[in-house]
Amino acid sequence: MEHREEQKLEAARAFAVKGRIKSCTPYGSGHINHTFLLVCEDNGQEYAYILQQMNHDVFHDIQGLMNNVQEVTAFLRRRILESSGDPDRETLNLIPTKDGNNYYRDSQGNYWRTYLFISGATCYDLVEKPEDFYQSGKAFGRFQCLLADFPAEKLVETIPNFHNTPIRFASFQQAIKEDPMGRAGMVQKEIDFIRSREEEMGLALCMQQEGKLPLRVSHNDTKLNNIMIDDATGQALCIIDLDTIMPGFSIFDYGDSIRFGANTAKEDETDLSKVSLSLPLFEIYTKGYLEGCEGRLTKTETKLLPYGAKMMTLECGMRFLTDYLQGDVYFHISRENHNLDRCRTQLALVADMEKKWADMVRIVEKYTS
Ligand code: ADP
Ligand code: GN1
Ligand code: MG
C-alpha cells in the first residue's frame, strides 16, 4: 500500500512529539504494520520516533490492542525502574496524541500510534553473532517470567485463536477448496506435506484441555526482528511488537524464536539448499531461554520445546501458503510468489527438524536435567 504523504503527515502531527517534523520514512521489515521513522527537530536538536499505521484488517479491536500495549508497557516500565534499568530504552514507550489518547484515527479511518525510537540498537533478520541469539533467548525467557505476574484478565485477545494450529489448518483447507487465485494446482507438493502432518497439530491444545499444559501470558510473535539488541553492549535491550501479547503457550514463544533465528537462511530465501536447522543455534537459544525462565517452566513444557519449534514452523508455513492461495491478503509482500517462497523455507525447515529430532530432544534434556 502506498502511503499518501498528507495522510502520514496528518497522523504525525496528531502526536505530542517535540518540535517540527523533519522527515518521515518507511522503516523496518515487519510483515503486518506500516512502520515509519519520524524525525523531528527542536532548537537544533533531533528527536526520533517510530510512527506506525496499525493493520486494521489483522487487528479488529484497535482500542483493545492499544489498551494491552499501554498496560503491558506501563507494567514493564515499573519493573525496569525497580531494577534501576533505563525505561526509555528497555521497553516501548507510547507517545500520546495531543488530545491525550494512545492512538489516532485519521480522516481516512486508518489507525496510528507513535513510540519513542530506540536508538543505538538493532533488530536482526538473521543471526549474525550466536551470542545475540543467546541473549535474545534469555530475554524472551525473562519476559515470560516477568509476565507471569501480569494480570491476564486485563488483556483482550487481539487475534482470537492466533496459535490454534487446528483452526489454522481448517482455514488452510478452506483456502485450497476456494482457490480464488487458481494457485492450488501449482503447490500440490506443499499441500501434501502439510496435510500429512495434520495429526500432530492438536497436541498442545489437547494437553491444555487435559490440564497438562498451562496457558501463560505470552508474546506470541517472538522472532528475532522483534527484539532489539544493544549495539554497544551486545545485550538484548528491548522486546518490541507487543500486538499479540495474550494468553498462549511458552513452547510456542520458544518455538517461534527457533523457527526464525535457528534457520541458517532468511525466512524468504529462494535457494532452499541454504535452509536448515542450525543445531549450535538451537542449543544456544535453548540454553538462554531456559536460563531466562529460571526454572519456572513445568516438566511437560520443557519436554515439549522441540514440538513447539516444529509446530510454529509448520503453522507459519501453512499460514504463508494459505495467504498465497488467498491472493496475498494478510502478510505484506514485496515480490511475486513472496509468500510461496516463505512457505517453502518453513516446510524445508520442518523437514530438517524431523531429521534432527533426536538431537533436538537431547539438547533440551541437557539443559533441563
Ligand atoms: P510489525 O508488526 O509490522 O512487525 P513491528 O512493531 O515489529 O511491526 O515494527 C517493525 C520494525 O520497526 C521492527 O522490526 C523494528 O526494526 C522497528 N521498530 C519498531 N519499534 C521500534 C522502536 N520503538 N525503536 C526502534 N525501532 C523500532
Ligand atoms: C508476522 O508482525 P511480524 O512481522 O513481526 C506475524 C507472525 C508471523 C511472522 C512471520 C500478527 O510477524 O505471526 O510468525 O509475521 N504477525 C501477525 O514472519 O500475524
Ligand atoms: Mg515485528
Side-chain angles (χ1 to χ4, degrees), residues 1 25-39 47-60 65-66 68-69 73 76 87-95 111-126 136 157-165 168 171 218-231 237-246 248 252-253 255-261 263 266-269 309 311-323 329-334 338-339 341-343 345-346 349:
M1 195 207 307
T25 44
Y27 194 79
S29 56
H31 298 341
I32 301 296
N33 297 306
H34 286 288
T35 303
F36 302 89
L37 170 60
L38 173 67
V39 180
Y47 297 90
Y49 304 91
I50 283 286
L51 173 71
Q52 275 184 328
Q53 185 193 335
M54 290 172 272
N55 191 327
H56 186 36
D57 293 330
V58 166
F59 299 106
H60 298 155
L65 180 151
M66 287 308 295
N68 282 4
V69 173
T73 53
L76 293 172
D88 286 349
R89 293 186 83 228
E90 293 173 30
T91 178
L92 287 171
N93 284 276
L94 284 166
I95 304 293
Y111 294 87
W112 300 80
R113 69 177 161 217
T114 298
Y115 290 120
L116 274 185
F117 180 81
I118 299 168
S119 56
T122 306
C123 291
Y124 293 97
D125 283 325
L126 202 61
S136 88
E157 218 182 342
T158 53
I159 303 182
N161 297 311
F162 189 56
H163 285 313
N164 184 324
T165 319
R168 295 283 185 187
S171 312
S218 45
H219 183 280
N220 293 303
D221 191 1
T222 53
K223 62 179 177 178
L224 190 66
N225 69 18
N226 284 332
I227 188 162
M228 306 207 65
I229 308 280
D230 193 314
D231 296 335
L237 180 68
C238 179
I239 287 171
I240 62 167
D241 206 343
L242 306 176
D243 296 338
T244 49
I245 288 193
M246 54 189 158
F252 287 168
D253 268 8
D256 201 38
S257 295
I258 296 294
R259 170 191 82 73
F260 192 88
N263 184 355
K266 279 197 179 179
E267 190 185 60
D268 60 355
E269 176 60 57
M311 218 26 61
M312 282 299 92
T313 314
L314 183 62
E315 183 190 278
C316 196
M318 181 163 75
R319 290 174 63 199
F320 286 141
L321 191 55
T322 304
D323 198 31
V329 290
Y330 186 93
F331 296 104
H332 297 326
I333 54 164
S334 44
H338 208 162
N339 276 318
D341 294 340
R342 289 170 177 153
C343 158
T345 63
Q346 301 307 290
L349 189 58

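Each ligand, and each atom within it, is numbered from 1 in the order the structure gives.
For atom 12 (O) of ligand 2, the choice among Asn226, Asp221, Ile159 with the nearest heavy atom turns out to be Asp221.
Within the structure, ligand 1 has Gln52 among the residues with a heavy atom less than 4.0 angstrom away. Ligand 2 does not have Phe260 within reach: every non-hydrogen atom of the residue lies 4.0 Å or more from it. In this structure, Met228 is part of the shell of residues with a heavy atom less than 4.0 angstrom from ligand 1. Ligand 1 has Leu116 within reach: a non-hydrogen atom of the residue lies less than 4.0 Å from it.
In this structure, the salt bridge (charged side-chain N to carboxylate O under 4.0 Å, His left out) partners of Asp243, at least two apart in sequence or on a different chain, are Arg113. Under the ring-ring contact (aromatic ring centres under 6.0 Å, His included) criterion, Phe320 pairs with Phe331, not counting sequence neighbours. With sequence neighbours excluded, the residues satisfying salt bridge (charged side-chain N to carboxylate O under 4.0 Å, His left out) with Glu267 are Arg259.
With a 4.0 Å heavy-atom cut-off, ligand 2 is reached by the side chain of Tyr330 but not by its N, CA, C or O. Residue Arg342 does not touch ligand 2, judged by heavy-atom distances below 4.0 Å. Under 4.0 angstrom from ligand 2, there are no non-hydrogen atoms of Met312. By the criterion of a heavy-atom distance under 4.0 Å, neither the backbone nor the side chain of Glu315 is placed next to ligand 2.
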Apply side-chain hydrogen bond (donor to acceptor under 3.5 Å, both in side chains) to the pair Thr345 and Glu269, showing each step before the final yes or no. CA-CA 7 Å; Thr345 63; Glu269 176 60 57; over 6 Å; no
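Counting only protein atoms, the N, O or S atoms lying less than 2.8 Å from the Mg ion (ligand 3) are Asn226 OD1, Asp241 OD2, ordered by chain and residue number.
Nearest non-hydrogen protein atom to atom 8 (C) of ligand 2 is Arg319 NH1, 3.8 Å.
At under 3.5 Å, a nitrogen or oxygen of Ile32, whether backbone or side chain, sits near a nitrogen or oxygen of ligand 1.
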